[in-house]
2 protein chains.
Amino acid sequence: MYDELKYWYLRDHKLFWTLSMSQIKQLCIITGFKKAKKGDIIYFSSSDLPRVFLLKKGNIKIVAVDEEGNETIKDIIQKGDLFGELSLESDTDSNEYAKALTDEIIICSFLLSDFEELLLKNPSLALSYTKFVGLKMKRIKNSYSNLISKDAKTRLYQFLKDWAEKEGKRTGNRVVIENYLTQNDMAQVICTSRQTATQLLNEMETKGLLLYSRKEIIIEDITKL
Amino acid sequence: MYDELKYWYLRDHKLFWTLSMSQIKQLCIITGFKKAKKGDIIYFSSSDLPRVFLLKKGNIKIVAVDEEGNETIKDIIQKGDLFGELSLESDTDSNEYAKALTDEIIICSFLLSDFEELLLKNPSLALSYTKFVGLKMKRIKNSYSNLISKDAKTRLYQFLKDWAEKEGKRTGNRVVIENYLTQNDMAQVICTSRQTATQLLNEMETKGLLLYSRKEIIIEDITKL
DNA sequence: ATAAATTTGTCAGCTAGTTTACAACTCAAG
DNA sequence: CTTGAGTTGTAAACTAGCTGACAAATTTAT
């Protein structure tokens with residue numbers, strides 16, 4: 001049963017669709033599980049062997065801490081996302097941790113070295129993975145060039161649109177997003193100050209574009225964003 | 001002789017070191033050559049089949065044109081760099097062209113589909129390639145987070161340091177860089193206005209940190225940047 | 001229930017960097 | 001040797017967004 005679950009976790013991910021069930025069964029590369037509750041901090045012990053993680057349930061944020069102790073959000077990871085050493089190179093110096101944003105978090109992980117071996121044995125998987133990483137790169141490039149060339153307002157709008165598309169529950173043009181981020185979190189993601197984000201969100205609320213609360217964000221008409 | 005050259009071009013690239021000479025000979029994936037002179041514009045015809053390019057000689061810049069006709073520098077490609085559809089997905093919508101920055105440009109290219117087939121046959125190459133893309137991604141992330149969190153001055157200093165390291169000729173702490181960029185180009189790369197870049201460069205010159213001319217940039221003491 | 005901590009709302013002052021505008025310089029092509 | 005296009009130098013006016021500061025609201029812990 002336990003093993004079944006492991007395989008299912010992999011099977012569930014797009015990336016592994018090219019493999020047959022029996023192939024997946026042979027792999028058995030998942031080596032770790034982790035559960036967490038809201039607010040919990042999940043450390044990636046750098047002493048440990050490099051790993052690739054798969055977030056099965058919930059949402060977490062990756063926070064980087066610099067020399068002066070300033071915290072910046074590196075990434076928001078959503079259900080189904082693969083994260084960690086995607087570049088297949090271990091990141092030594094970075095001081096990062098993950099923080100659970102929602103109530104119940106399930107993360108499973110496998111060793112980078114196991115994964116590499118697997119890729120070597122499955123050329124088609126290697127190719128899919130390469131495409132996967134490439135796609136990720138394209139997305140990152142895109143969002144960064146947004147950050148740089150667009151103003152804060154446009155960035156917030158884009159962020160909300162993306163979020164709504166990924167996780168919102170849509171009925172007609174109305175979208176409801178479960179809000180697990182604070183305004184400060186959002187501000188950091190779109191690289192602006194908390195105050196500016198607050199201002200913009202209130203402005204949108206006055207305009208009737210959305211309804212903000214700590215629990216959920218309701219966008220009345222997604223096409224108007 | 002001509003074929004020899006092709007193979008050598010691949011052989012020369014880090015990425016293909018894992019392959020034996022005979023393996024490389026079997027590939028014969030290079031399908032196109034292009035030469036250009038300073039100022040020439042090299043279009044990537046979107047109607048054509050998607051390709052991966054390898055810049056053998058010279059420097060070029062990738063310029064994106066948006067709806068309003070504004071041009072922004074996407075990338076500066078240097079000798080030995082692989083560029084194009086690295087994500088292994090063809091980019092349909094983007095309107096980009098490359099412009100030759102130095103006198104003699106040699107670009108060779110191969111079809112994306114050929115490359116994919118090659119990766120399928122050589123899992124270890126696929127793995128190296130993924131690592132390669134991953135590394136590129138890491139670099140991009142890094143430079144973008146510089147763009148976002150640091151001020152224009154720091155960004156220019158960092159840009160010059162990187163440039164010096166990659167292409168400068170160093171004697172002791174003195175570095176000479178062949179300057180194929182205008183101040184406007186540099187400004188765009190570090191995402192600031194031309195005027196700010198000019199101001200900063202002049203400031204550095206008055207401080208005795210460097211000597212700027214259209215032909216070359218001389219950094220008197222790289223450790224002082 | 002009460003205290004403590006976190007999150008949100010709002011405002012005035014400030015600053016880095018943009019924009020606009022123009023002059024001076026450099027260089028390649030007739 | 002001129003001409004004109006491209007590049008560089010400089011300055012004033014302007015502005016988006018940051019900082020700091022504080023109050024109010026809300027959540028969590030005791």
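In what follows, chains carry the letters A, B, and so on, assigned in the order in which the sequence lines appear, proteins first and then strands, with residues in each chain numbered from 1.
Salt bridge annotation for B:Lys215-B:Glu178: absent, with no cationic side-chain nitrogen under 4.0 angstrom from a carboxylate oxygen. The residues A:Glu220 and A:Arg174 are annotated as salt-bridged, a charged nitrogen and a carboxylate oxygen being separated by less than 4.0 angstrom.
If you take NZ of B:Lys215 and C1' of C:dA28, they are 12 Å apart, rounded to a whole angstrom. To the nearest angstrom, C1' of C:dT8 lies 13 Å from CG of A:Asp185. For the pair A:Leu101 CG and D:dT27 C1', the computed distance is 16 Å after rounding to whole Å. Atom pair B:Asn179:CG and C:dT26:C1' shows a separation of 14 Å (rounding to whole Å applied). Atom CD in A:Gln199 sits roughly 20 Å away from atom P in C:dT7 (whole-Å rounding). As a whole-Å value, the separation of A:Met204 CE from C:dT8 P is 16 Å. Across the protein-nucleic acid pair, B:Lys38 atom NZ and D:dA5 atom C1' stand 15 Å apart, rounded to whole Å. Taking atom CD of B:Gln188 as the reference point, atom C1' of C:dG17 lies 16 Å away to the nearest angstrom.
Listed pair A:Gln183 / C:dT6 fails the phosphate criterion, with no side-chain N or O lying under 4.0 Å from OP1 or OP2.
A side-chain contact (heavy atoms from CB on, under 4.5 Å) with A:Ile62 holds for exactly one of A:Thr72, A:Asp75, A:Ile73, A:Ile42; it is A:Asp75.
Taking the side chain as every heavy atom from C-beta outward, A:Lys136 and A:Leu82 never approach each other to under 4.5 Å.
Within the structure, ring-ring contact (aromatic ring centres under 6.0 Å, His included) pairs that include any residue of residues 53-80 of chain A comprise A:Phe44-A:Phe53, A:Phe53-A:Phe83 (at least two apart or interchain).
A:Asp151 and A:Thr154 share a donor-acceptor pair across their side chains, judged by distance under 3.5 Å alone.
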Whether each nucleotide of nucleotides 13-25 of chain D has a protein heavy atom under 4.0 Å at its base (B), only at its sugar-phosphate (S) or at neither (-) is summarised, 5' to 3', as ----SSBBB----
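When each of C:dT8, D:dG9, C:dT10 is scored by its nearest atom to the side-chain atoms of A:Asn202, the top-ranked nucleotide is C:dT10.
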